[in-house]
Amino acid sequence: MSIIEVNNLSLFYGNFQALKNINLNVEQQKITALIGPSGCGKSTFLRCLNRMNDLIDDVHITGSVKIASHDIYHNSFDLLGLRKKVGMVFQRPNPFPLSIYDNVVYGLRVHGILDKKIMEEKLKWSLESVHLWAEVKDKLDANALTLSGEQQQRLCIARLAAVEPEVLLMDEPCSALDPISTAKIEDLMYELKKQYTIIIVTHNMQQAARVSEYTGYFLLGDLVEFGETTQIFTSPKDSRTEDYLTGRFG
Amino acid sequence: MTRLERNERLIKIALFVIACSAVSILAVITIFIFSEGTPIMFKYGLRSFLLGLDWYPSEQSFGLLPMIIGSVMVTFGSLLVGVPFGLACAIFLTEFSSRRLRHILKPIIELLAGIPSVVYGFIGVVILVPFIRETLGGPGLSVLAASIILGIMILPTIISISIDSLQAVPRSYREGSIALGATKWQTTKMVILPAAKSGIIASIILGMGRAIGETMAVIMIAGNAINIPRSVLDPVRTLTSNIALEMGYASGEHRQALFATGVILFIIIMILNTIANATSVKGKAAK
Ligand SMILES: Nc1ncnc2c1ncn2[C@@H]1O[C@H](COP(=O)(O)OP(=O)(O)OP(=O)(O)O)[C@@H](O)[C@H]1O
Ligand SMILES: [Mg+2]
């Protein structure tokens with residue numbers, strides 16, 4: 001079943017068209033990878049799905065994005081609720097300079113859940129879901145910035161997990177991590193997809209091939225090809241995709 | 001040794017001498033103030049200086065308590081005015097206004113710091129003092145008037161340093177918070193302000209230093225009467241005013257007592273600066 005339906009989506013930064021007529025459906029509880037050379041609009045596309053582009057001045061969007069059949073760009077759409085439902089993991093781990101505890105319950109507080117007992121349950125549950133509980137349970141009051149990069153990225157995922165999103169957007173979540181940490185985060189993604197729909201932007205082709213069920217190839221604002229990962233990697237339909245995958249370009 | 005190396009060495013020595021002389025000028029001033037001011041403090045006892053209520057220099061009574069209380073009251077009064085306004089202004093300009101507006105307003109606010117204090121005093125005398133006298137009663141020249149004018153005078157310090165520390169908060173914190181569904185205000189309150197805390201505290205302490213050291217504007221609007229004020233509408237004299245008002249004709253022990261006033265002021269300001277440095281260093285270490 002498609003949880004996200006994107007129809008004729010175009011995005012302009014001023015006069016510059018960064019996305020050109022994108023059409024794509026994202027399957028529920030699957031991992032979808034977006035690949036493509038630098039500056040081709042992958043991050044821009046991802047940021048359309050939780051409306052983070054709203055923060056940038058002079059952005060103009062046409063077309064529609066439906067999540068669970070609701071048009072998220074409709075005037076009456078609940079923007080804060082959308083961002084609760086569609087969480088985002090950033091390229092550089094960005095825990096807040098607060099305690100580990102405050103980081104994880106941040107989303108709960110923001111959405112008005114202040115009950116100590118509920119907060120502590122969710123805290124434990126979300127830290128366990130990213131396998132961080134054992135490592136940090138004795139230092140929940142420590143500043144989150146004292147954790148290692150990989151732990152910080154896990155914490156950022158736990159921070160999202162606490163508000164129980166349906167979709168996780170990950171923009172190159174491993175690019176600041178070493179190979180071993182990357183492998184751990186990838187393992188985590190496998191487990192997380194039982195609960196969440198995951199869309200991941202990556203520059204690492206092997207990563208896309210390893211973790212994803214679906215892959216989309218972006219080039220200069222176009223979605224050149226989209227399909228099952230095995231098909232894209234073994235028999236791409238578009239010659240431009242093939243050039244990119246075989247390293248003749250990009 | 002080549003010519004270049006010799007030049008390098010000469011420049012190094014010259015800069016060292018210049019740096020040393022700047023420091024030594026400061027040292028000389030400090031030593032001078034202390035050597036002029038401390039003997040009389042010990043002669044009559046620290047207690048009589050710090051806790052004495054009466055200031056009659058011609059009769060050897062040098063109680064500075066009313067002036068110490070005066071300085072403290074106007075300084076805290078100015079913070080009550082300046083901190084909420086300044087902080088609100090800094091938060092608005094960094095988090096809620098457009099970049100254009102910020103680029104126009106920030107230099108204008110910094111320009112406020114360049115207005116001579118006598119002008120602030122003048123505005124106080126002409127506008128604020130009569131206004132207080134007519135609406136709230138009392139002589140008008142008062143703790144309240146001085147607090148308001150000083151509060152305005154420290155705004156540029158508080159605003160511009162707070163803006164700098166708010167802007168130094170990484171964008172990724174804002175994005176992380178917004179992406180979790182937080183509103184701008186929640187983001188500011190829960191992430192940005194805690195992250196910028198040390199810079200904001202430093203701005204407040206620097207503003208406090210400016211308020212406690214201000215002389216001209218305070219002389220013009222605080223009333224300068226030597227008494228412990230019972231309400232904010234009563235006049236006060238601050239430590240700085242005390243020195244400035246009497247230095248012109250003081251001699252002998254009276255003059256030394258004014259230096260003693262300076263010593264106390266000096267110590268208060270040193271303590272404030274040390275706190276400011278400590279908090280900003282601690283803030284940096286945490287990042
Ligand atoms: N805020 C912005 N204002 C104007 N142009 C922008 C802005 N953000 C991105 N762009 C432009 O939009 C295009 C797509 O950028 P985007 O960041 O989406 O690329 P990307 O595929 O994520 O690249 P990378 O792999 O380097 O992260 C680029 O040409 C970029 O210069
Ligand atoms: Mg990107």
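A note on names: the letters A, B, ... follow the listed sequences, proteins ahead of strands, and every chain is numbered from 1.
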For the CZ atom on B/Phe76, are there more than 12 heavy atoms of other groups (residues, nucleotides or ligands in this structure) within a distance under 6.0 Å? no

Pick one of side chain, backbone, both or neither for A/Pro165, based on which atoms fall under 4.5 Å of a heavy atom in chain B. neither

Could you check whether B/Glu95 pairs with B/Lys184 (Lys NZ or Arg NE/NH1/NH2 to Asp/Glu carboxylate O, under 4.0 Å)? no

Taking atom OH of A/Tyr13 as the centre, does the number of heavy atoms from other residues, nucleotides or ligands within less than 6.0 Å exceed 12? yes

With a 4.5 angstrom heavy-atom cut-off, is it the side chain or the backbone of A/Val86 that approaches chain B, or both, or neither? backbone

Can you list everything that forms a salt bridge (Lys or Arg N to Asp or Glu O under 4.0 Å) with B/Lys106? Sequence neighbours excluded, please. B/Glu110, B/Asp164

Result block: side-chain N/O donor-acceptor pairs under 3.5 angstrom for residues 152-162 of chain B, not counting sequence neighbours:
from	atom 1	to	atom 2	distance (Å)
B/Ser160	OG	B/Pro156	O	3.3
B/Ser162	OG	B/Ile158	O	2.8
B/Ser162	OG	B/Ser203	OG	3.2

Region of A/Tyr106 that comes under 4.5 Å of a non-hydrogen atom in chain B: both

Atom pair OH (B/Tyr173) and CG (A/Asn94), whose distance is rounded to the nearest 0.5 Å: 8.5 Å

Heavy-atom pair count under 4.5 Å with chain B, highest-scoring of A/Met88, A/Arg92, A/Arg159: A/Arg159

Please identify each residue that fulfils side-chain contact (heavy atoms from CB on, under 4.5 Å) with B/Ile201, with sequence neighbours left out. B/Lys197, B/Ile205, B/Thr279

Salt bridge A/Glu128-A/Lys124, side-chain N to carboxylate O under 4.0 Å: yes

Let me know if B/Ser177 has heavy atoms under 4.5 Å from chain A in its side chain, its backbone, both or neither. both

Electrostatic pair A/Glu164-A/Lys85, nearest N-O below 4.0 angstrom: no

With a strict 4.5 Å heavy-atom criterion, list every residue of residues 42-68 of chain A that contacts chain B, or say none. A/Arg47, A/Asn50, A/Met52, A/Leu55

Partner chain A: residue of B/Ala179, B/Pro170, B/Ser172, B/Ser98 with the largest heavy-atom pair count (under 4.5 Å): B/Ala179

